[in-house]
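Worth saying up front: this structure is predicted, and the values here are computed from it rather than measured. Atoms within a ligand are numbered from 1 in the order they appear, just like the ligands themselves. We number each residue from 1, following the sequence as shown.
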Amino acid sequence: MNTIDTIQTDVLIIGGGPSGLATAIHLADICKKNGQNLRILLLEKGSSIGSHILSGAVIKPAVFKELLPDVDFAEIPFNAKVTSDKTIILSENGSFTLPFHIPYMSNSGNYTASLGQICKYLATKAEEKGVEIYTGFAVDEILYKNGKVIGAKTIDTGIDHHGKQLENFQAGTRVEAKITIFAEGTRGSLTKTLINRFNLDKDKNKQIYSLGCKEIWSVPEGNIKPGEVYHTMGYPLKNEEFGGGFIYGLNDNKVAVGFVVGLDYKDPTFDVHDVMQVWKTTKFVSTILKGGKLVEYGAKTLPEGGYYAVPKLYVDNALIVGDSGGFLTMPALKGIHLAIKSGMLAAQTAANALQKNDTSEKSLQQYETRIANSFIHKEMYPVRNFRQAFTKGLFIGGFHFATQLITGGAGLFGRLKSHADSETTQTLKGFTGVPFKERFKGKLEFDKVLTFDKATNTFYSGTHHDEQQVVHLQINDQKNFDEVNIAQYGATEQFLCSSEVYELHTNKDGKKELRIHAENCLHCRTCDIKSPGAGITWNVPNGGNGPDFQNM
Ligand SMILES: Cc1cc2nc3c(=O)[nH]c(=O)nc-3n(C[C@H](O)[C@H](O)[C@H](O)COP(=O)(O)OP(=O)(O)OC[C@H]3O[C@@H](n4cnc5c(N)ncnc54)[C@H](O)[C@@H]3O)c2cc1C
């Protein structure tokens, strides 16, 4: 029998991405300035800081000077300053370069980087300032007292598939905090329950997402230079599908290539991973990768709903920062600087509230005012209708966007609504387009040189999960899942997953069932977002489980 440890802290930060680390750094700096002596504790589920971080990334650097005013900028491990920045329109057999920048898409003055490496660096800065960082700790429960957040608890370990305690059972740790900061990134599993419990998305748009699959390649010298940036539009996507590719030249003859697709697509057999492989076979992309080798693979979702989908960000004793709060500017595909800024504003709010000894919702409301007065609002408000307009396709979306540019974001119709991605997939019978496999007939046999199947790619993510645990991917209602998700949607989960987790299996009685290979999960959260009827819930697995990204 194992007892539950309880520890006390002033501030608990859940998640060691840019938003959580910025919160920690800025809070430590404010405390030092004010002579406030606060315990700041950050928990990260990855085995190390950066191991669960995946981004493009081209980063807007100015916010780093705000966050680390005393640090020599050259010390920050960016990769290369952007030297050229082009948008390429792809067709199946050719490409042309747009002669201008689409508004908001210019990357002049920005830097390419591995966000994982940047986070590792930020973590060392945070620790130098006295922040306690514990990696390999998955937080799976919010603690409440009298209906108010009082901290969170890490996951119990040493249990079997059915939840039965084994000999090596270890109860999780209760961390009680005066303020808890939710910095879990996209579709945070605890943030989701917090939003539901307190109805924080009341009167807001539904959050909508994209899935981005990414590979790092090592290529022969001369294929691409550090700081060369390309974004592609068009093939292999159709007019009604939102998304495109990115190619970022890195140092040491490395290149980051990725493909991002809006999860509001309709075809139940659509597969973002496979679309990326088809994209790599185009002349434009394959020329850059020619003679190279795959080094790493990973995937993650991005919250794209924008300004109208940002939930209420505060409750008694708790704040939400970064992607968990939906801070991302489409069309720029940028969230890192917003994640950092939101963390800094949350830190100012927390320091102020703790100094006043008032961490009530009323006191924490100042966080929203700080955001409204910051560049976060300035960047997100003018593009508040951007992504919703594109749910009607590229042409109508493009027209809407033009009207938004003229009207300061309002467009012709004011606020545009959005639908949850889990509602947009059509059934096998209801889908009237050409199904994915027919559409890309002859292009989905992967050669393992330029293109890779999901199983091979998954190997390149380094992901692993302990066998001794309850499967962290949960079918919410088995009967409904069998009758609807399998029978009507053909188990779309096997296609929407960015790795090799879901398999449709026919048992010996001829019944179709979904097998879940949770050990392959990349923590992208697409199943939680896109499974029809919200059929799947993604929970955190044991701490230290999951991908082992090195340079994502
Ligand atoms: C394919 C892709 C390309 C992108 N390109 C760009 C780009 O070029 N430029 C740009 O500015 N932005 C880009 N973004 C967006 C950017 O990466 C995010 O906005 C940013 O990473 C958000 O930071 P965050 O701290 O909120 O979340 P994250 O970076 O996701 O970090 C969250 C951390 O919390 C941890 N965590 C989550 N839940 C728990 C839990 N319950 N317990 C413990 N730990 C937990 C996670 O393991 C993770 O380490 C891109 C995103 C994607 C997916």
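- Annotation: Gly56 places an N or O atom under 3.5 Å from an N or O atom of ligand 1; distance criterion only.
- In this structure, Tyr307 and Tyr381 have perpendicular ring planes: the angle between them is above 60°, well past the 30° mark.
- For the pair Lys45 and Glu184, the salt-bridge criterion is not met [side-chain N within less than 4.0 Å of a carboxylate O].
- The side chain to side chain donor-acceptor pair (under 3.5 Å) with Thr186 is formed by just one residue from the set Thr301, Asp323, Thr526; it is Thr301.
- For atom 23 (O) of ligand 1, the candidate residues are Gly322, Gly17, Ser48, Pro18; the nearest heavy-atom contact is made by Pro18.
- When ring centroids are compared, Tyr502 and His517 stay outside the 6.0 Å threshold.
- Checked against the 6.0 Å centroid criterion, the rings of Phe242 and Tyr265 do not qualify as a close aromatic pair.
- The shortest separation from a heavy atom of Lys214 to ligand 1 is not under 4.0 Å, leaving the residue out of contact.
- At a heavy-atom cutoff of 4.0 Å, ligand 1 is contacted by the side chain of Ile14 but not by its backbone.
- Checked by distance only, ligand 1 and His337 stay at 3.5 Å or farther apart across all their nitrogen or oxygen atoms.
- Given atom 30 (O) of ligand 1, the protein heavy atom at minimum distance is Lys300 NZ, 2.8 Å.
- With a 4.0 Å cut-off on non-hydrogen atoms, Cys119 does not touch ligand 1 at all.
- Arg174 and Glu176 are joined by a salt bridge, as a carboxylate oxygen and a charged side-chain nitrogen come within less than 4.0 angstrom of each other.
- Checked for salt-bridge contact, Lys530 and Asp421 miss the test: no charged N lies under 4.0 Å from a carboxylate O.
- For atom 42 (N) of ligand 1, the candidate residues are Val139, Val58, Thr329; the nearest heavy-atom contact is made by Val139.
- For Leu21, no heavy-atom contact with ligand 1 is shorter than 4.0 Å.
- For the residues Lys60, Glu44, Glu184, Lys45, the heavy atom positioned nearest atom 35 (C) of ligand 1 is part of Glu44.
- The distance criterion of under 3.5 Å between nitrogen or oxygen atoms is met by Ile336 with respect to ligand 1.
- Heavy atoms of Ile59 stay at 4.0 angstrom or farther from ligand 1.
- Heavy-atom contacts from other residues, nucleotides or ligands closer than 6.0 Å to NZ of Lys129 number more than 12.
- For the pair Ile53 and ligand 1, the shortest N or O to N or O distance does not fall below 3.5 Å.
- Using a 4.0 angstrom heavy-atom cutoff, Ala57 counts as in contact with ligand 1.
- Closest heavy-atom approach to atom 2 (C) of ligand 1 among the candidates Gly15, Ser55, Ala183: Ser55.
- In this structure, Glu500 does not pair ionically with Lys454, as no charged nitrogen and carboxylate oxygen lie closer than 4.0 Å.
- The Ala339 neighbourhood of ligand 1 comprises atoms 22 (C), 23 (O), with distances under 4.0 Å to a heavy atom of that residue.
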